[in-house]
Amino acid sequence: MFNVDGMSGQNRDMTRESLEIILRMWTEDAPWTHNGKFWTVTKPDTMFDFLKPPSQAATGAASPIGVAA
């Protein structure tokens with residue numbers, strides 16, 4: 001909302017990158033780090049032998065993605 005240049009298409013680039021991150025969260029096993037143009041996101045491996053990111057089965061690759069306009 002602030003400091004985003006909508007006339008240059010920056011908002012579309014940000015949306016595209018965020019969708020790539022969401023789909024990667026659902027489809028790629030941990031650990032990995034996404035170093036993007038707008039965001040850096042890390043999906044860590046299991047910590048302390050019991051803390052781990054949600055499985056693909058819990059999120060479901062077919063889950064709908066909502067985008068506010």
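All of these numbers come straight from a predicted model, not from anything done at the bench.
- Shown here for Ala30 and Pro44, the closest heavy-atom pair between the two residues is CB-O, 3.0 Å.
- Note: Asp29 CG to Arg24 CZ = 11.5 Å, rounded to the nearest 0.5 Å.
- Taking Phe50 as the reference, Phe48 meet the side chain to side chain contact (heavy atoms under 4.5 Å, CB included) condition, with sequence neighbours excluded.
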Review point. Does the pair His34 and Glu20 meet the rule for a side-chain hydrogen bond (donor to acceptor under 3.5 Å, both in side chains), with working shown?
Key: CA-CA 10 Å; His34 171 87; Glu20 289 172 6; 5.4 Å; no

Point to revise | Chi angles and distances behind the side-chain contact (heavy atoms from CB on, under 4.5 Å) call for Met25, Lys43 | key: CA-CA 7 Å; Met25 282 286 210; Lys43 184 174 183 180; 3.8 Å; yes

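- By the 4.5 Å heavy-atom criterion applied to side chains, Thr40 and Thr33 are counted as neighbours.
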**Study point:** Chi angles and distances behind the side-chain contact (heavy atoms from CB on, under 4.5 Å) call for Trp39, Ile21
**Key:** CA-CA 9 Å; Trp39 296 284; Ile21 294 167; 4.2 Å; yes

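- Taking a 4.5 Å side-chain heavy-atom cut-off between Ile, Leu, Val, Met, Phe, Trp and Tyr, the cluster of Met7 contains only that residue.
- Here Asp45 pairs with nothing under the salt bridge (Lys or Arg N to Asp or Glu O under 4.0 Å) rule; sequence neighbours left out.
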Point to revise | Derivation of the side-chain contact (heavy atoms from CB on, under 4.5 Å) call for Lys37 and Glu17 | key: CA-CA 8 Å; Lys37 181 177 179 182; Glu17 183 175 335; 3.7 Å; yes

Practice item. Under the side-chain contact (heavy atoms from CB on, under 4.5 Å) rule, what do Asp13 and Arg16 come out as? Steps first, then yes or no, please. Key: CA-CA 5 Å; Asp13 293 339; Arg16 186 176 302 110; 2.9 Å; yes

